[in-house]
Structures are given as structure tokens and as C-alpha cells.
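Down below is the structure, laid out as C-alpha cells.
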There are 2 protein chains.
Amino acid sequence: MAEITIREIAKRCGVGVSTVSRAINNHSDINPETKQRIMDVIKETGYIPNNSARNLKRTDAKCIGVLVKGITNPFFTPIIEKIEQETEKKGYALVLRHVEAYENEVNVALELEKEKRLRGIIFLGGSSKHDADKLRQLNVPVIFATIGSDISDNLGRNAYSTVSVDDAVESRKMVEYLIGLGHRKIAILTEGNDQPSIVSLRYEGYCDALNKHGIKLDEKLVKYVDRRIYAMQNGYETTKALIESGAKFTALFCVSDVLAVGALRALADAGIRVPEDVSVAGFDGQEIAQFCVPRLTTIRQPLADISEETMRLIFDLIEEKRGHKHLIFPGELVEGESTRKI
Amino acid sequence: MAEITIREIAKRCGVGVSTVSRAINNHSDINPETKQRIMDVIKETGYIPNNSARNLKRTDAKCIGVLVKGITNPFFTPIIEKIEQETEKKGYALVLRHVEAYENEVNVALELEKEKRLRGIIFLGGSSKHDADKLRQLNVPVIFATIGSDISDNLGRNAYSTVSVDDAVESRKMVEYLIGLGHRKIAILTEGNDQPSIVSLRYEGYCDALNKHGIKLDEKLVKYVDRRIYAMQNGYETTKALIESGAKFTALFCVSDVLAVGALRALADAGIRVPEDVSVAGFDGQEIAQFCVPRLTTIRQPLADISEETMRLIFDLIEEKRGHKHLIFPGELVEGESTRKI
DNA sequence: TTGTAAGCGTTATCAT
DNA sequence: ATGATAACGCTTACAA
């Protein structure tokens with residue numbers, strides 16, 4: 001069965017292909033009756049325009065691309081929803097693209113920009129460190145949302161924007177909060193910091209806080225999760241290992257809420273009460289934090305602000321109203337039921 | 001800055017465009033030295049082939065498409081991972097496409113099939129009821145995974161495949177389990193069943209079970225969640241309303257684990273102990289079910305089997321080894337700590 | 001092994 | 001308001 005094309009529709013309607021194109025694309029310079037006739041035939045035949053051909057020819061596609069590393073992470077859900085809303089409001093189309101863990105998001109963006117004629121690109125998730133030159137190969141504005149970056153790097157500073165919390169600062173905030181509650185033996189569940197990442201910044205904040213308060217970093221209280229398994233499971237097993245190691249701790253700081261959920265379960269299984277025996281804190285402020293038992297003390301990222309400013313910024317950049325910016329929003333320490341004064 | 005094209009590369013290398021194309025696509029009929037020279041220039045210039053142009057011309061793209069409604073639903077994560085693995089193993093490329101809630105997934109598929117020259121399509125999430133004629137417009141094999149359907153419909157039966165659990169049967173299994181534990185006043189948290197969906201099948205199973213055991217359906221125990229808000233919040237609020245309605249119940253069956261998590265929290269807030277005062281059951285067997293406190297009794301969907309068979313089937317269909325099938329796998333009732341005998 | 005040229009299915013330009 | 005026709009950037013016969 002031969003694919004039906006615009007030519008075929010034109011033939012059946014007894015009009016030229018450009019007229020059909022006009023009908024499809026809602027151009028004004030077309031007789032409404034002709035248009036109706038064409039639309040009828042299109043519906044009848046089930047004709048669907050080929051997007052590859054359209055993208056190839058089209059120059060003015062108002063399209064913004066969102067590349068998400070870890071798209072199944074519910075953390076991104078509210079951000080994506082906001083992006084969708086604002087994009088539509090501006091009359092732009094959205095291309096949401098999932099980036100595999102092993103893929104380099106900038107490479108994917110490079111491809112997608114050409115394929116879809118993107119006008120702007122938003123990165124969610126993934127690395128916080130990118131080659132500025134490569135970034136500049138993207139001929140359209142680029143924003144990293146919820147991914148802070150090393151903006152002391154003057155080369156990179158003007159190659160892209162960032163809208164995020166300061167992960168190191170927020171992390172320190174949480175650890176200082178725990179210290180303020182009287183904790184000195186504070187364990188941490190973090191990821192391997194072989195790559196520069198948000199998580200390594202959170203680990204940094206932990207170290208800073210301890211340091212500032214004259215608490216010596218105890219290697220035995222630093223546990224790295226194995227990235228390869230799902231996060232809750234990860235948090236569970238690593239916490240179990242921590243407990244079984246016999247190391248003494250009165251608080252456990254997890255670099256994400258999801259890890260913390262696993263930790264809560266592991267502690268419960270070991271008969272360790274939260275917060276009576278051990279305080280537990282998370283990071284992110286995901287939905288689960290306020291629904292788990294006990295509710296989790298966490299750093300809530302201001303996702304509404306972040307998404308809003310991201311959208312404002314991307315359109316300003318597209319319209320060349322201003323240059324690249326690095327916006328930092330404060331996180332909010334939400335006290336749950338998982339921490340207590342000792 | 002003019003986009004760099006294959007012509008430009010050819011010119012710079014002093015070769016024809018087809019030679020460059022050969023280099024890019026790893027064709028064998030090319031001098032390794034020429035190829036190397038070309039690849040060097042490509043790297044140097046940062047040239048990236050335009051995918052729209054490639055897809056337009058290409059006829060043999062070995063590509064399978066996965067359309068996911070609700071891609072941020074972690075339920076799909078393990079399935080998608082399996083699909084990725086198997087697709088790669090077969091030397092196929094994967095096009096993962098997010099379908100908006102308001103979009104019709106079949107329409108999106110129709111577009112994508114042409115754009116990307118798909119050879120097969122897998123649907124995850126979304127409606128279980130589709131127009132068979134429209135489905136047949138897709139010229140490639142179609143499978144609905146984890147979405148059972150009304151296969152008594154003879155027209156549709158041969159237009160697509162399904163690989164799933166029988167949601168009505170599994171749901172009945174769970175409710176009968178609760179009945180077996182001595183519960184008679186069993187409330188349910190479900191979605192509005194205005195649309196034919198998986199959830200409506202689960203509700204059906206609930207009714208069947210009650211009916212079979214001579215328990216009259218009590219409208220006051222049937223609570224519909226408001227779809228528009230996030231699921232846990234949804235489960236929380238609806239359960240709260242149920243509690244405040246004053247209706248008496250000893251068990252609460254939630255049509256998804258995520259709803260159940262919200263329910264657990266609402267019960268805890270009301271000072272109702274689980275499972276001592278009320279038993280709670282979920283559905284799906286998501287990761288959270290085994291990490292929440294108390295662990296959730298749920299129906300675990302055999303996602304490994306489902307994904308495996310889906311992949312086997314799609315390739316068989318592509319290679320025309322066999323026709324459409326409707327595979328049903330049994331779910332597993334996992335006893336957690338959230339239910340008890342009364 | 002390599003180059004030339006003809007499409008792929010659209011949209012944009014330019015006549016009419 | 002409409003129709004030819006030339007791109008868009010690539011792959012793939014077909015020639016050389």
C-alpha cells in the first residue's frame with residue numbers, strides 16, 4: 001500500500017499541491033470552499049503529512065526543545081507541565097526528548113536542533129558540566145533548568161543560562177539544620193562523585209557544614225549508593241549496609257528524597273525508630289516526601305519559580321531581549337516528622 | 001551562520017556527496033583512508049547530518065516506536081528499559097515518544113510512523129479502546145503493552161496485539177482476598193469511569209467480587225479521585241473525604257499503588273492504624289509498594305514477562321512469523337503489611 | 001572505489 | 001486565489 005502524499009490529495013481534489021499545503025497550514029490566502037473540499041478529502045483518505053519533509057523545508061518552525069535525562073523521574077513532572085503550558089501560550093510547539101543515560105545530552109541537542117529547527121533548548125537533568133564550545137555550536141539559546149553549574153567559568157558563563165537552586169548552599173543548610181538540632185554524627189547517602197554533578201555539590205555542602213562547625217568528616221559515615229539499581233532500592237540497601245557496618249550515627253542525610261524513602265524502610269526493618277533513634281533528611285521536596293510515614297524533612301526546590309523563570313528567560317533569549325543569565329533560587333527547608341532535636 | 005551540510009563537507013574533502021554519505025553510514029564500499037579523511041573533517045567542522053532529510057529519503061530505517069502516555073509514570077520505567085535493550089539487540093533504533101494527556105495516541109502514531117518510517121509500534125498507557133479502522137491505517141504491527149482490551153471485539157482482534165494482565169480478574173482476586181480475610185465493608189478508590197480504561201476494568205473486578213460473595217455494593221464506599229491532581233495527593237484527599245463522610249469500612253482497595261500511598265498517609269493523619277483498624281490494598285506492584293510503611297499488599301504485574309513477550313511478539317510480527325495475539329499474564333498477589341485478617 | 005543525479009514529501013517563491 | 005516549480009539535505013541507484 002503506497003503511502004498517500006500531498007500530490008495524491010491535490011490530484012483527487014483537482015488542485016495544485018500548493019493549494020493543499022495552504023489548506024493544511026491554515027494560510028489565509030485560500031478560498032474557504034476550496035479549503036473545505038480539500039479538508040474533506042484529507043479526512044476521507046486519512047492523509048497525514050510527513051513531518052520529516054515538513055521540517056526539512058520549513059524555516060520558521062516555532063519550536064522549543066526539552067531534553068530530559070531521566071524522564072521517568074517524577075521530579076521533572078511539574079517542570080515539564082509548566083513548560084508545556086507556557087510554550088503553548090506563546091504559540092510555540094514543544095519537542096520533548098528523552099535522553100538515554102549513556103547519551104551526551106548536548107550531542108542529542110545538536111541533532112535535534114537541526115532536525116526540528118528548534119529555536120531554544122532546555123535541559124533537564126544530566127551533567128552540570130559541559131564544553132562551552134560545543135554548547136556554542138548550538139545556534140539557539142540554551143538553558144539548564146534545576147542544574148546549577150560552575151559559573152566562575154567565564155567562557156561558559158555566556159554560552160548558556162542556568163536556573164536552579166545552589167545545591168551546595170542548600171545542602172549545607174540542611175546539614176547545619178541537623179547540627180543545630182544537636183547532631184554531630186551525621187551520615188550521608190550520596191552517589192559516587194566521579195562525575196561533576198549536582199549530587200557532588202550536595203556532598204560538598206555536607207562537607208562544608210561539618211567543617212564549619214568543627215566536625216571531622218568520618219569516612220565511615222559516608223556511603224555511596226550504587227547507581228545502577230533503582231533509587232529506593234538503592235537507598236534501602238546502602239542504609240542497610242551502613243547500619244550493619246556498626247558505625248554510630250544519630251542523623252542520616254540523603255541527597256535525594258527517593259533515597260531517603262529507601263532509608264526509612266531500612267531503618268524501620270532494623271527496628272531503628274525515626275526520628276526517636278535517628279533523624280532522616282532528604283533533598284528535593286518531591287511529592288513522596290510529604291506522603292511517606294514519617295513525613296520527610298527535606299529541601300524543597302522552588303520548582304514553580306524555576307520553571308517560570310526558565311520560560312521567561314528562554315523567550316527573552318529567543319527574542320534577543322537579554323543575554324544569558326544564571327539565576328539562583330533559594331530552596332525551602334521543610335520540617336517533616338523525620339528529624340528531631342537531641 | 002549558515003548551517004553546514006553534506007555538500008560542504010564533500011567540497012572541503014574534495015569528494016562527492018555520496019562518498020561522504022558512505023562514510024557517515026558506515027558503508028563498506030569506501031576506501032578506509034578516504035573515510036578517515038572525511039571523518040576528520042566532520043569532527044573538525046562539527047557537522048551533524050539532518051535527521052529530517054535522512055528520514056525523508058531512507059526507506060529501510062529499522063526503527064520501532066514506543067508511544068507512552070504518562071511517561072513520567074515510574075510504572076513504565078522497567079518496561080521501557082527492557083524495550084530499549086531488546087531493540088538494540090536486534091539492531092533496531094528506538095523512537096520513544098511522549099503522548100500528551102489530551103492527545104490521541106493513535107493519531108500521534110500515525111504521524112510518527114511516516115516521519116520516522118517505523119516498522120512497529122508499542123503503546124504504553126492510554127486508552128484500551130481504539131477504533132480498529134484507524135489502527136489498521138497504521139501499516140505496521142501494533143502492540144498495546146500492559147493495556148488489556150476487549151478482545152471479544154472480532155474486528156479489533158486482528159488489528160493489534162495486547163500483552164497484559166487481565167485487570168478485571170486481578171482486581172477481583174485482590175478483593176476476594178480481602179473478603180477471605182473477613183472484610184465485608186470494602187471501600188474502593190477509583191477513577192471516574194467515564195472512559196473505557198484499565199481502571200474501569202479494575203472497578204469491574206471489585207464489583208464482581210462483591211457480587212459473587214453476596215455483598216451489596218455500597219455507593220458510599222465508592223470514591224472517585226479527581227484526575228487532575230497528582231496521584232498521591234489525590235489518594236490522600238479522597239481518602240480524607242471518605243473518612244470524613246463517616247462511612248464505615250474495614251478495608252480500602254486502591255486501584256493503584258500511588259493512590260494507596262496517599263491513602264496510607266490520610267489514614268495515619270486520622271489516627272486510623274493500618275492494618276489494625278483498616279486494611280489497605282493497592283495495585284501494580286510498583287517499587288514504592290515495598291518501601292512504604294507499612295509495606296503495601298498489592299497485585300504485582302509481571303512486567304518482566306510482559307516486556308519480554310512484547311518484544312518477541314513485535315519482532316515476530318515485523319518478520320511476519322505470526323499474526324496478532326492477545327497474551328494475558330497472571331498478576332501476583334503480594335502480601336504486604338497493610339492488610340490483616342479480621 | 002568514487003561521482004553524478006534523481007528523488008524523498010513538503011513549503012516557499014513567483015508567476016498568473 | 002491558485003498553480004508550477006525550485007529548493008530543503010540527504011540516500012541511493014547508476015555510471016564511471
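Within every chain, numbering begins at 1; the chains are lettered A, B, ... in the order of the sequence lines, protein sequences first and strands thereafter. What you are looking at is a predicted structure, and each value in this text was computed from that prediction instead of being measured.
Mapping A:V20 and B:R54 onto DNA chain D via the closest heavy atom, the residue that lands nearer the 5' end is A:V20. Residue whose closest nucleotide on DNA chain C sits further toward the 5' end, between B:K114 and B:K57: B:K57. Mapped onto DNA chain D by nearest heavy atom, A:I30 and B:I48 fall at different nucleotides, with A:I30 at the one closer to the 5' end. Both B:T19 and B:L56 lie near DNA chain C, and the one whose nearest nucleotide falls closer to the 5' end is B:T19.
Between A:E33 atom CD and D:dT2 atom C1' the separation is 14 Å, expressed in whole Å. We find that CZ of B:R117 is positioned 10 Å from P of C:dC8, with the value rounded to whole Å. In this structure, the CZ atom of A:R22 is 15 Å from the P atom of C:dA15, given to the nearest Å. Following rounding to the nearest Å, A:I9 (CD1) and C:dT10 (C1') show an atom-to-atom distance of 13 Å. Atom CD1 of A:I6 and atom C1' of D:dT2 are 14 Å apart (whole Å). Rounding to whole angstrom units, CG of residue B:N25 and P of C:dT2 are separated by 15 Å. Rounded to an integer number of Å, the gap from A:N50 CG to D:dC10 P is 16 Å. Atom-to-atom, NZ of A:K116 to C1' of D:dG9 comes out at 15 Å; the value is rounded to the nearest Å.
A close approach under 4.0 Å does not occur between any side-chain nitrogen or oxygen of B:N55 and OP1 or OP2 of D:dC10. In terms of phosphate contacts, A:T34 brings a side-chain nitrogen or oxygen within less than 4.0 Å of OP1 or OP2 of D:dT2. Not one side-chain nitrogen or oxygen of B:T5 sits closer than 4.0 Å to the OP1 or OP2 atom of D:dG9.
When distances are taken from the side chain of A:R7 to each of C:dT2, C:dT4, C:dT10, the shortest belongs to C:dT10. Checked against C:dA12, D:dT11, C:dT10, the side chain of A:Y47 finds its nearest nucleotide in C:dT10. Set against C:dT10, D:dC10, D:dG3, the side chain of A:V15 has D:dG3 as its closest nucleotide. Picking from C:dA5, C:dT10, C:dT11 the nucleotide with the shortest atom distance to the side chain of A:R58 gives C:dT11. Distance from the side chain of A:S21 is smallest for C:dT11 among the nucleotides C:dC8, D:dC10, C:dT11.
Side-chain atoms of A:S161 and A:L317, non-hydrogen and from C-beta on, do get closer than 4.5 Å to each other.
Checking A:K134 against A:N107 by side-chain atom types alone, a donor-acceptor pair falls below 3.5 Å.
B:N51 comes within contact range of no nucleotide atom at all, as no heavy-atom separation falls under 4.0 Å. The residue B:D29 sits close to a base: some heavy atom pair falls under 4.0 Å.
Checked by distance alone, A:S18 brings a side-chain donor or acceptor within 3.5 Å of a matching partner on the base of D:dA4.
Ring to ring, B:H326 and B:Y160 are close: their centroids are under 6.0 angstrom apart.
Ionic pairing of B:E8 and B:R12 is present here: one or more N-O contacts between side-chain nitrogen and carboxylate oxygen are shorter than 4.0 angstrom.
For the side-chain hydrogen bond (donor to acceptor under 3.5 Å, both in side chains) with A:D40, the qualifying choice from A:R37, A:K43, A:Q36 is A:Q36, the only one to do so.
The aromatic rings of A:F144 and A:F123 lie parallel to each other, their planes meeting at an angle below 30°, with 60° marking the opposite boundary.
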